[in-house]
There are 2 protein chains.
Amino acid sequence: MLSKKTQYALKALEYLVAHYNQGPVLISEIAEKKHIPLKFLENILLELRHHDILDSKKGKGGGYMLRTEPEKTSLANVIRIVEGPIAMLPCVSLYFYQPCESCDQTQCRIHDLFIEARDAILNVLENKTLADLRQTALV
Amino acid sequence: MLSKKTQYALKALEYLVAHYNQGPVLISEIAEKKHIPLKFLENILLELRHHDILDSKKGKGGGYMLRTEPEKTSLANVIRIVEGPIAMLPCVSLYFYQPCESCDQTQCRIHDLFIEARDAILNVLENKTLADLRQTALV
DNA sequence: GGAGAATTCCATTTGCAAGTGGTAATTACC
DNA sequence: GGTAATTACCACTTGCAAATGGAATTCTCC
């Protein structure tokens, strides 16, 4: 499972996508609408800003907004920032690789299996962007 | 990422598969060969026994062994026992489903996306068994 | 330039996964 | 039936994710 932190990040981003190009959105508004603990959400949004996913403005009329068009940011990218590895094992992670002490990767079947699983996941998450979080208008 | 507990469980099972039908294997032997903290491994193997994946024998000559043929146990099954949900979000889990407070599932795009991711993962993990952990003999 | 509104930053608490220690129960063997 | 070997069980400690509290900083508007 994704951590709570990542789940909150995705929900917050969904909200910001829905309000894209409508000016800054208050943290408190996102927290209330998406049922996210306010102070925890502060930390998450700040981290996303430091990684150039979000932009913010202080003071009256301030708040958070997407830094670029929703199409530009993949879900895989967001998850790597907030969660860390997407792979299920450290030894098959592309961006957070750590070798196994107890096995020889050239022979390890666990390794092979979880590379397969990783690629199946990435095939979805690398090809979806924040734009895919936008709800279709009701008819 | 899978928890350490699950990673250890998979390694231990790999070892037990390699020694299938060769009598009980000591916890201490698995712990040493696979670099797993001994006492932690005890708990994990016990849990797998309670869920009928493993069998054990106490006293001299005792140890742990697979309860059934490796082909009978899917990796998805093992992970659900030790880790819990395989899905990345509670609201798309098949066995550990929990509804979202903050969204209407019939409209939520996050929901749809992570169902897709879940199915991609399950397509791998449901179709692999402990037998797939067995190393091919070197030539 | 002062007041209020918002993010930012830092420090602390809480809760659960990870890991440890010690003792009880069971079995095999002499 | 006694001893050694092994799993089973229970309670505790540690470390990190999750959540909270409060003060500092920045910005807008009058």
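None of these values were measured; they are calculated from a predicted model. Just so it is clear: chains get the letters A, B, ... in the order the sequence lines come, proteins before strands, and each one is counted from 1.
Rounded to whole Å, the distance from NE2 on A:His35 to C1' on D:dA19 is 17 Å.
DNA chain C lies under 4.0 Å from at least one heavy atom of each of the following residues of residues 44-52 of chain A: A:Leu46, A:Arg49, A:His50. Of the residues in residues 79-88 of chain A, not one places a heavy atom less than 4.0 Å from an atom of DNA chain C.
Residues passing the side-chain contact (heavy atoms from CB on, under 4.5 Å) test with A:Asp104, sequence neighbours excluded: A:Thr106, A:Gln107. For B:His19, the side-chain contact (heavy atoms from CB on, under 4.5 Å) criterion is met by B:Tyr15, B:Gln22, B:Val25, B:Glu29, not counting sequence neighbours. Every residue meeting the side-chain contact (heavy atoms from CB on, under 4.5 Å) condition with A:Arg109, not counting sequence neighbours, appears here in chain and number order: A:Asp112, B:Thr136. With sequence neighbours excluded, no residue forms a salt bridge (charged side-chain N to carboxylate O under 4.0 Å, His left out) with A:Lys58. Applying the salt bridge (charged side-chain N to carboxylate O under 4.0 Å, His left out) criterion to B:Lys60, with sequence neighbours excluded, gives no partner residue.
With B:Asp132 contributing its side chain and B:Thr129 its backbone, the two residues share a donor-acceptor pair below 3.5 Å.
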N/O donor-acceptor pairs under 3.5 Å from side chains in residues 43-57 of chain A, not counting sequence neighbours:
from: A:Glu47; atom 1: OE1; to: A:Lys5; atom 2: NZ; distance (Å): 2.9
from: A:His51; atom 1: ND1; to: A:Glu47; atom 2: O; distance (Å): 3.0

For residues 7-14 of chain B, which side-chain N or O atoms pair as donor and acceptor with protein atoms under 3.5 Å away, sequence neighbours left out?
from: B:Gln7; atom 1: NE2; to: B:Leu2; atom 2: O; distance (Å): 2.9
from: B:Lys11; atom 1: NZ; to: A:Ser102; atom 2: OG; distance (Å): 2.7
from: B:Glu14; atom 1: OE1; to: B:Lys34; atom 2: NZ; distance (Å): 2.8

Show me the side-chain donor-acceptor pairs of residues 62-81 of chain B shorter than 3.5 Å, one per line, residues at least two apart or across chains.
from: B:Glu69; atom 1: OE1; to: B:Lys72; atom 2: NZ; distance (Å): 2.9
from: B:Ser74; atom 1: OG; to: B:Asn77; atom 2: N; distance (Å): 3.0
from: B:Arg80; atom 1: NH1; to: B:Glu126; atom 2: OE2; distance (Å): 3.2
from: B:Arg80; atom 1: NH2; to: B:Glu126; atom 2: OE2; distance (Å): 2.9

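Applying the ring-ring contact (aromatic ring centres under 6.0 Å, His included) test to residues at least two apart or on different chains, none of the pairs has a partner in residues 86-112 of chain A.
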Nucleotides 14-29 of chain C: protein proximity per nucleotide (B base, S sugar-phosphate only, - neither; heavy atom, under 4.0 Å): ----SSBBB---BBS-
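Put simply, B:Ser56 has a side-chain N or O that comes within less than 4.0 Å of OP1 or OP2 on D:dA8.
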